[in-house]
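Report on the structure given below.
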Amino acid sequence: ELLEPAPGLTKAERDGVLRWFADYLRCMTTDANGIEEREAKNNHGTCWVTQVAAFARLTGDEERLAFCRGRFKTVLVPNQVAADGSFPLETARTKPYGYSLFNLDAMATAAWLLSTPGEDLWRFDLPDGRGLRRAVAERHGLLDLEVSCDAAVFNTLLVFNRHELKEAEELLRAARFFLGGERRRD
């Protein structure tokens with residue numbers, strides 16, 4: 001998405017960058033160190049999914065994107081999000097608030113990268129209600145994310161997308177996405 005319109009890159013350079021990320025992605029998913037990170041129960045496992053999702057999306061690796069979507073639903077949310085929306089494995093660490101926010105940021109980024117028009121991971125909840133929305137609600141003290149609270153939405157978006165969202169129109173579009181009113185367009 002970002003490489004295609006980059007006027008400073010030749011086709012050969014662009015192809016080289018894509019090859020490098022494809023090789024790195026292969027390493028992350030087959031090397032013992034990558035597998036160890038994937039299997040980590042805390043934010044390390046979340047960050048593995050987020051990175052693999054980003055690199056798979058960049059390189060067009062649909063198989064790994066599907067794997068990450070499944071892992072989000074069957075591993076990350078069930079094993080990391082508590083009934084109250086907290087991250088117990090992060091709150092047990094030396095800097096619980098920082099680690100919890102970091103994990104929430106990575107999980108939200110993964111949901112954004114992995115969501116499709118037919119599968120909205122932001123709205124994915126387990127039967128008991130655990131999911132990303134509950135984690136955000138716990139962090140911001142919100143009872144119902146369906147009711148927009150401008151300050152909470154703005155702060156949440158800054159955490160999730162501080163590097164990407166720079167203009168008011170983009171912020172509003174992202175807020176509508178996170179609150180369920182607009183879907184990503186790919």
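- Residues passing the side-chain contact (heavy atoms from CB on, under 4.5 Å) test with A106, sequence neighbours excluded: T46, C47, T50.
- Under the 4.5 Å side-chain heavy-atom criterion for Ile, Leu, Val, Met, Phe, Trp and Tyr, L76 and I35 are members of distinct hydrophobic clusters.
- Salt bridge status for D125 with R134: absent, with no side-chain N to carboxylate O gap under 4.0 Å.
- With respect to T59, the side-chain contact (heavy atoms from CB on, under 4.5 Å) criterion is satisfied by exactly one of V17, L25, L65: L25.
- A donor-acceptor pair under 3.5 Å is formed between the side chain of N79 and the backbone N or O of V75.
- Among residues two or more places apart in sequence or in another chain, the salt bridge (Lys or Arg N to Asp or Glu O under 4.0 Å) test is passed with R19 by none.
- The 12-atom threshold is not exceeded at CZ of F102, counting heavy atoms of other residues, nucleotides or ligands nearer than 6.0 Å.
- Sorted by first and then second residue, the pairs that involve residues 25-67 and meet ring-ring contact (aromatic ring centres under 6.0 Å, His included), not counting sequence neighbours, are F21-F55, Y24-F55.
- Few gaps surround CD on E13; more than 12 heavy atoms of other groups in view lie less than 6.0 Å from it.
- R64 places none of its side-chain heavy atoms less than 4.5 Å from the side chain of M28.
- Each ring-ring contact (aromatic ring centres under 6.0 Å, His included) pair with one or both residues in residues 74-101, not counting sequence neighbours, would appear here, but there are none.
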Requested in this report: Tell me, with the steps shown, if L121 and L132 meet side chain to side chain contact (heavy atoms under 4.5 Å, CB included).
Outcome: CA-CA 8 Å; L121 294 182; L132 185 54; over 6 Å; no

Report task. In sequence, state the C-alpha distance, the side-chain angles, and the governing distance for M107 and F72, and then conclude on side chain to side chain contact (heavy atoms under 4.5 Å, CB included). Result -> CA-CA 8 Å; M107 197 173 281; F72 183 93; 3.6 Å; yes

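- Once rounded to the nearest 0.5 Å, the distance linking CG of L114 with CZ of R71 reads 12.5 Å.
- In terms of heavy-atom proximity, N43 sits nearest to Q80 at N-OE1, 4.5 Å.
- Linking ILVMFWY residues whenever their side-chain heavy atoms come closer than 4.5 Å, directly or via other members, places L126 and L104 in the same cluster.
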Report task. Give the intermediate values and the outcome of side chain to side chain contact (heavy atoms under 4.5 Å, CB included) for residues R69 and T116. Result -> CA-CA 10 Å; R69 277 186 206 98; T116 66; 3.3 Å; yes

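- Once rounded to the nearest 0.5 Å, the distance linking CH2 of W112 with CZ of R57 reads 4.5 Å.
- Every residue two or more places apart in sequence or in another chain was checked for a salt bridge (Lys or Arg N to Asp or Glu O under 4.0 Å) with D84, and none qualifies.
- Considering every non-hydrogen atom in both S86 and P88, the closest pair reads O-CD, 3.3 Å.
- With R38 contributing its side chain and T29 its backbone, the two residues share no donor-acceptor pair below 3.5 Å.
- The shortest non-hydrogen separation linking S100 to T91 is OG-CG2, 3.6 Å.
- In this structure, the side-chain contact (heavy atoms from CB on, under 4.5 Å) partners of L89, at least two apart in sequence or on a different chain, are K41, N42.
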